[in-house]
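Below you'll find the structure, written out as structure tokens, and then a few comments.
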There are 2 protein chains.
Amino acid sequence: MNQLSKRRTMGRVSGENAVIEVAWLYYHDGLNQKDIAEAFGISRATVVNYLQEAREKGLIRITLAAPAFTTHRLAAELCRRFGLTAAYVVPDEGTTQEQQFMRVVRGAALWLPELLAPGDRLGVAWGRTVFDLAAALERHDIADMTVLQLVGSMATPYGFTAEACSTRLAQRLGARCLNLHAPAILSSADLAAALRAEPIISRQLAGIETLNKLLFSVGTILPDSHIMSAGLATQADLDHYVAAGAAGVICGRFVDAGGRAIPGPMEARMIGIPMERLTGLPMGILVTPGKDKVEASMAAIRGGYVTHLVTCTTVAEALLSAAG
Amino acid sequence: MNQLSKRRTMGRVSGENAVIEVAWLYYHDGLNQKDIAEAFGISRATVVNYLQEAREKGLIRITLAAPAFTTHRLAAELCRRFGLTAAYVVPDEGTTQEQQFMRVVRGAALWLPELLAPGDRLGVAWGRTVFDLAAALERHDIADMTVLQLVGSMATPYGFTAEACSTRLAQRLGARCLNLHAPAILSSADLAAALRAEPIISRQLAGIETLNKLLFSVGTILPDSHIMSAGLATQADLDHYVAAGAAGVICGRFVDAGGRAIPGPMEARMIGIPMERLTGLPMGILVTPGKDKVEASMAAIRGGYVTHLVTCTTVAEALLSAAG
DNA sequence: TGCTATTATTTACAAATGTCAAATATGTCT
DNA sequence: AGACATATTTGACATTTGTAAATAATAGCA
């Protein structure tokens, strides 16, 4: 049925405005359903229907304002101790580890759009945290923005590819996406060098180096970490890096406690953004959803990758304790 | 009283988190008040109190998503016909002229933060529309942002100065403010030239020319317009400019139907940003709250000052009609 | 320690909202 | 005109939320 001739006449309010009009009066002007119904000569049930439709269409946006989390005592202390520009700390008391994870991811999804601006080129790492963040993100439309896939593709323990991760995020942000059509690691350094020299890959690598903002989580050096299950590193690789002082993983690279990339057998075979392009950026957003990532997060902070941190109170306290 | 030892223990949830915790569960997790009360061993009324406190502190942000207004048929038509980047059209059926005004201002206040980005230098005009917009704006914190006062001071028919207007806006946006400490108009061109040459004024004028975004409304050429009541223009001035084809006023300057500044007796005596600095900007946000400003708004659009428009359905229809 | 003031929380009731099924109204198409 | 799809209303009831007064707890001070 042609919606423009639908009965949503509400006196003289045209059809397409009826839902918005009712939503405006209810949410912005604070009128109750009964008064709105009387004002338009419709039933209260219709008002309820319109409000429900507004919610279902995603017209209503209810969030907790960022300052509720960023002016928090723990947030302020994290900034002071670690020289961060801002920290967003969600409360987590009485929650399970999984709920903690979801809250941090949700908080990051709420904060991220406020940190982005038209023209931004956002490099994103790959992992469950970033993928779930993309899923939690409501649709936004940030003009002239590009999402950059910083690491190549690999076996996917989580059921989604690096490409899918950054593409999903780009879609949610109304941004373009620059993907990296190469494996994250190859069998030989010569092959990797040849692939990097391939014009299309070379252009993609050049393109991702233009990021001005970074969104990432860190990987742990535990045997069950995603770098292992993704097939990037073997047990021998892991043993080598741990022996060399690895504290965590950033964009597929092992880093020590100071955040410095550890030279090793994997690097020459890898395709991805050079680590040094990830420090000193105008904005580096680290999302740390669990205590297992405290040591790796400290390494990222010390290494200069982080200007903005999203975490929960438990992790915040652990980070502050770790700092001494 | 030391808040940290207050009774808001809620089991193990510390005092400062209680309100945020409750708000999170209610608004984000969708728990009802009864379940929240049981979870924390407090009364439902306490949950209500916490939620009310969260609202009063501005922790809760309930808005209608911008696409409800920008993907509107009329909004799309305005963009198509006038080459705008975006238009935000609030419904206004069955509202009085004053309610219309307030809605447009409220809509502009809701949209503006989404249009701004860290590092922006936002030039603002002066008038009731912009001042009320600043009052309607909820607090935001846009990093490294500056608000620029584009016009000098003058008699104030509205009870607020140009400086107060831009300062209020800057406060709401968490921005710095660059004020223009000079009268908008002087008694002689020589005196105006001397003042412009004054180092501090010269620096201020140079500073405001660095704007990358503009927020303004237009003035009418009616005898009761604010340019008259502010003492900027005499009846003789007005007569002169009307005879010369004036269609409206932009930042204190008369413009014709094509948006071109009209040469006249006032210009040499005025202190403010040159008109040519206001066209071709990455973003020009015009707020048009009433039909009386349709002609002047058309002039602003034709003159290239506008990339984004905020208005209501009645004005949108009038603008589209005026375009033929 | 006791008193007072202040703030936090609870109690009880009122009001608002959500839900649902059945009935009615409206628009389109044949 | 009738069939069909969709929108809206009606009315009742359950659930949830809001409010104001009363009570409880805490901090400060003499």
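As a basis for the values below, the full set of heavy atoms in this structure was taken, side chains included, without hydrogen atoms, waters or symmetry mates. Values in this document were obtained by computation on a predicted structure and should not be read as measured data.
With dG18(D), dT10(C), dT19(D) as the choices, the nucleotide that has an atom nearest any side-chain atom of Arg55(B) turns out to be dG18(D). The side chain of Arg44(A) approaches dG18(C) more closely than any other nucleotide in the set dT10(C), dG18(C), dA16(C). Between dT19(C), dT10(C), dG18(C), one nucleotide has an atom nearer to the side chain of Ser43(B) than all others, and that is dT10(C). Which of dT10(C), dA16(C), dT17(D) sits closest to the side chain of Asn32(B) comes down to dT17(D). Distance from the side chain of Tyr50(B) is smallest to dT9(C) among dT10(D), dG18(D), dT9(C). Side-chain atoms of Ala45(A) lie closest to dT10(D) of the nucleotides dT9(C), dG18(D), dT10(D).
Using cut-offs of 30° and 60° on the angle between ring planes, the pair Trp24(A) and Phe69(B) is perpendicular.
Checked by atom type, the side-chain pair Arg61(A)/Thr63(B) shows no donor-acceptor distance below 3.5 Å.
Atom CG in Asp35(A) sits about 13 Å away from atom P in dA15(C), given to the nearest Å. Atom pair Ile36(A):CD1 and dT17(C):C1' shows a separation of 12 Å (rounding to whole Å applied). Between Glu56(B) atom CD and dT7(C) atom P the separation is 14 Å, expressed in whole Å. The distance between atom CD of Glu53(A) and atom C1' of dA7(D), rounded to the nearest whole Å, is 11 Å. At whole-Å resolution of the value, OH in Tyr26(B) and C1' in dT15(D) are 12 Å apart. The distance from atom CD of Glu38(B) to atom C1' of dT17(D) is 15 Å, rounded to the nearest whole Å. In this structure, Lys34(A) places its NZ atom 14 Å from C1' of dA14(C), rounding to the nearest Å. Put simply, CZ on Phe40(A) is 18 Å from C1' on dA7(D), counting in whole angstrom units.
Each of Asn49(B) and Gln52(A) has a nearest nucleotide on DNA chain C; the 5'-most of these lies closest to Asn49(B).
When all heavy atoms of Leu137(B) and Ala109(B) are compared, the pair lying nearest together is CD1-O, 3.0 Å.
Note on Arg106(B) versus Asp132(B): no salt bridge recorded, every NZ/NE/NH1/NH2 to OD/OE distance being 4.0 Å or above.
Close to dG18(D), at under 4.0 Å from its OP1 or OP2, lies a side-chain N or O of Gln33(B).
By the neighbour-count criterion of 12 heavy atoms within 6.0 Å, atom CD of Glu38(B) is densely surrounded, having more than that number from other residues, nucleotides or ligands.
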